[in-house]
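To keep things clear, I will list the structure first and then write my remarks on it.
Not measured: the values here are computed from a predicted model. Along the sequence shown, the residues carry numbers beginning at 1. The figures here come from the full heavy-atom set of this structure, side chains too, leaving out hydrogens, waters and symmetry mates.
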Amino acid sequence: MSEKKKKSSLLSRLFGNRNKEVDVMVEEQIQSPGKMMLDNFLHNRLGMTGLIVFILIFIFVSVGPHFVELDLGAADNTQLNVPPTTTMMSLPSQMKNKVQAIASGPTFGIGCDTDGNVYVWGHTKITDTLDIKKIPDEVKKAKIIDVAAGYDHVVALDDKNKVYVWGNTRLGQDRIPDELAGTSRIHKAGKVIQLEAGYQISGAVTEDGDAYFWGNSNMADIDVKSQYQGHIKKIAISTYNYCLLLDDGSVAYGGLKTGNPFANIPSNLSSGVVDIAASGETMAAVDEKGKITIWGSGTHGEKNVPEFESKPVEIYGGRYHYTALMDNGDVISWGDNSHGQAEVPDAVNNGDIATVFSGFYQNYAVTTTGEVETWGLKGHPLGTDDMGRDILTRIIHGGKTTMTVGAIAEIIALIIGVVLGAIAGYFGGKTDLIIMRITEVIGALPFLPFALLLSAIIGARIDVQLRMYLIMVVLGLLSWTGICRLIRAQILAEREKEFVLAAQAMGVKESSIIFKHILPNVMSILLVEATLGFATCMLTESSLSYLGFGITPPTPTWGNMLTGANNSVVIQQYWWRWVFPAAIFGVCTICINLMGDAIREAVDPKSLGR
């Protein structure tokens, strides 16, 4: 036989045909226990499914905070209990290339096209019975040429100069002045050239230079000084106040009441002003030289006007931001950017913008060709809570906190349990007796009453960060007893084996025998216990939050999010506040338990079926 054939025959005997199934006894001989355990785990479908889903959730809550910022002081009364939606800027397809006017409410948008049709989009429900989407029949039949949106109502104007109001009208939002409604016997207003709406108030400007305001007069000073009537070109309404742009280029506060912060008009606005706008807390004006002046009590960055090279010609206000149209067709935005409302997309400045419609957290830029570019708040994919905070953001950051607490607490428990269990099991005798009695004492402590007592003693004396650390330590210090007993039992079985006797005979240090020789042989069982203990610590943190000892809001955890939804009204009407946190928490803990069960089966030789 040739040398080549001999070599081929030898290789065939050693390795056989790779396409053939390896003999069971041969496989047993060539596989290490670790590889057998890994193969068994990989063939467990439930365990692998749990591992994959858990890894996805872990990445979600670990990487997510780097992309989604959390403002612990955030609270927005315009976004309370908003259901899951991403349609707040979803302009209807019927308005494409036919935009006449657009206005933004807190969670909805309203617009009219060049044919006079009215469209509403977004979350339009004000209450259980009031819905902006329920457009009155008379509005549907009219040809609408302008619209304005307030907090809870909308105003529309038709081509016959008739004004319509619908939505919340309980506080006089529909009490249109007689002159504007055409019912006054003395005077009838001229053609309306501007509509504006704010919080429970609305306003209009006519071509005669008159301004009319109506709504809740207890909230705003809606009476205009007679000296300004006939000279008004434009109005700007903030949350409770308004300012006037007069025909001589000056800005004035038109109310009768004194002491209003907006009455202190900057001296440089006495002439040359070409446009005005308002945010929730400030007023803004642009003069003929392109200088932007902002006054009021804004604290959200509205006064931080960016540098620009072109000349602003128009300015528009949202709730906490401003947008300006430049003379070269570019657009700039500044102020609060919590919803992306101050971040102008490149596509906007790549087009030739004809006009901009801005309000609350939304911006719509209409190009000269009729296309519409949007930026700002599209909605909340998982809804909001009773303080207007985004559920998705809090789930991401809450998951990171919950997992961190569970992981650190379990690590503390593992360290204590492994060390004490190994020492007790290896040395036995009095050492074992003392450690086991300590374990029994700690294990006998009623955990939840102990935590409640500790919470009552500490109370609100420590901040949230220290409270989180305290919870980790307490959970760890009270959760190690089971691990300790398990390790002790395993060490007792292992210490009588030959490899331990051989190590002792060779003079190996006892600490090395315990932690380098015996402990690695029980790591598989320890891994099972650690996996299941991690899920238990996460659940315990949630229980503590429910009982008042856990991490308190505004810092989110999955536990305190569920606690905040512990209300029959919330459960029935605002399902998203508890369904989504409960779903991800439940899936996460189930996946961890599936992983633990799969590891337990993988380390059990009987589960191999051989």
Side-chain angles (χ1 to χ4, degrees), residues 76 78-80 82-126 130-136 139-140 144-157 164-168 173 194-199 202 237 277-280 316-323 331 333 336 338-345 348 353-367 370-381 383-384 388:
D76 191 345
T78 69
Q79 305 292 313
L80 305 182
V82 176
T85 181
T86 56
T87 61
M88 291 183 186
M89 289 194 299
S90 299
L91 204 69
S93 58
Q94 298 93 321
M95 290 186 68
K96 186 176 181 181
N97 299 322
K98 298 170 63 177
V99 173
Q100 175 72 25
I102 298 174
S104 299
T107 61
F108 62 87
I110 181 171
C112 60
D113 60 19
T114 52
D115 296 329
N117 300 312
V118 178
Y119 305 92
V120 181
W121 57 91
H123 174 58
T124 59
K125 292 195 73 174
I126 306 302
L130 295 176
D131 194 338
I132 299 295
K133 210 167 189 176
K134 295 178 181 178
I135 303 173
V139 176
K140 294 179 181 179
I144 303 301
I145 60 173
D146 198 7
V147 292
Y151 277 64
D152 54 5
H153 70 286
V154 294
V155 186
L157 174 71
Y164 306 88
V165 180
W166 71 95
N168 185 6
Q173 291 95 323
Q194 182 196 1
L195 281 182
E196 286 291 319
Y199 182 67
S202 301
I237 299 178
S279 69
Y316 318 89
R319 192 173 188 217
Y320 298 127
H321 79 285
Y322 284 103
T323 299
V331 176
S333 291
D336 178 54
S338 57
H339 302 296
Q341 67 270 36
E343 188 174 343
V344 182
V348 173
I353 305 301
T355 188
V356 175
F357 300 98
S358 183
F360 282 90
Y361 307 112
Q362 293 82 21
N363 301 275
Y364 302 83
V366 183
T367 65
E371 296 180 356
V372 180
E373 299 288 347
T374 62
W375 69 99
L377 178 61
K378 294 181 179 179
H380 305 278
T384 63

What verdict does the side-chain contact (heavy atoms from CB on, under 4.5 Å) test give for Phe357 and Val99, after you've listed the backbone C-alpha separation in whole Å, the side-chain angles of each residue and the deciding distance to 0.1 Å?
CA-CA 11 Å; Phe357 300 98; Val99 173; 4.1 Å; yes
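- Of all non-hydrogen atoms in Ser358 and Gly318, the two that sit nearest each other are OG-N, 4.1 Å.
- Met89 and Thr374 get closest at one heavy-atom pair: SD-CB, 3.9 Å.
- Here Ile110 contributes atom CD1 and Ile132 contributes atom CD1; the two are 7.5 Å apart, rounded to the nearest 0.5 Å.
- Put simply, the residue from Ile144, Leu157, Ile102 that forms a side chain to side chain contact (heavy atoms under 4.5 Å, CB included) with Cys112 is Ile144.
- A donor-acceptor contact shorter than 3.5 Å is absent between the side chain of Trp166 and the backbone of Val154.
- Using a distance-only test at 3.5 Å, with no hydrogens or angles considered, a donor-acceptor pair links the side chain of Asn363 to the main chain of Trp375.
- Side-chain atoms of Ser333 do not come within 3.5 Å of backbone N or O of Val344 as any donor-acceptor pair.
- Lys125 is not listed as a side-chain neighbour of Leu130, based on a closest heavy-atom distance of 4.5 Å or more.
- Dense packing is recorded around CD of Gln94, with more than 12 heavy atoms of other residues, nucleotides or ligands lying under 6.0 Å away.
- Under 3.5 Å, the side chains of Gln341 and Asp336 contain a donor-acceptor pair of N or O atoms.
- Ser279 places a side-chain heavy atom less than 4.5 Å from the side chain of Tyr322.
- A side chain to side chain donor-acceptor pair (under 3.5 Å) with Thr124 is found for one member of Asp131, Thr85, Thr87 and no other, namely Asp131.
- When all heavy atoms of Ala149 and Phe108 are compared, the closest pair comes out as CB-CE1, 4.0 Å.
- Heavy-atom minimum distance, Pro83 versus His123: CD-CE1, 3.3 Å.
- Using a 4.5 Å heavy-atom threshold, the side chains of His153 and Ser202 count as touching.
- Side-chain contact, Tyr320 with Asp76: no donor N or O sits under 3.5 Å from an acceptor N or O.
- Here the side chain of Gln173 pairs a donor or acceptor atom with the backbone of Asn168 at under 3.5 angstrom.
- Of the inter-residue distances, the one linking Tyr364 atom OH with Ser104 atom OG reads 4.5 Å to the nearest 0.5 angstrom.
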Could you give me the CA-CA distance, side-chain angles and deciding distance for Met88 and Phe360, then say whether side-chain contact (heavy atoms from CB on, under 4.5 Å) is met?
CA-CA 11 Å; Met88 291 183 186; Phe360 282 90; over 6 Å; no
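- Contact annotation: the side chain of Val120 approaches that of Ile135 to within less than 4.5 Å [non-hydrogen atoms, C-beta and beyond].
- A donor-acceptor contact shorter than 3.5 Å is absent between the side chain of Asp115 and the backbone of Asn117.
- Between Val147 and Gly111, the shortest heavy-atom distance links the atoms CG2-CA, 4.1 Å.
- Dense packing is recorded around OH of Tyr151, with more than 12 heavy atoms of other residues, nucleotides or ligands lying under 6.0 Å away.
- Side-chain contact between Gln79 and Thr107 is present, with at least one heavy-atom pair separated by less than 4.5 Å.
- The shortest distance between side-chain heavy atoms of His339 and Gln362 does not fall below 4.5 Å.
- Shortest non-hydrogen contact noted between Ala365 and Ile353 is CB-CD1, 3.9 Å.
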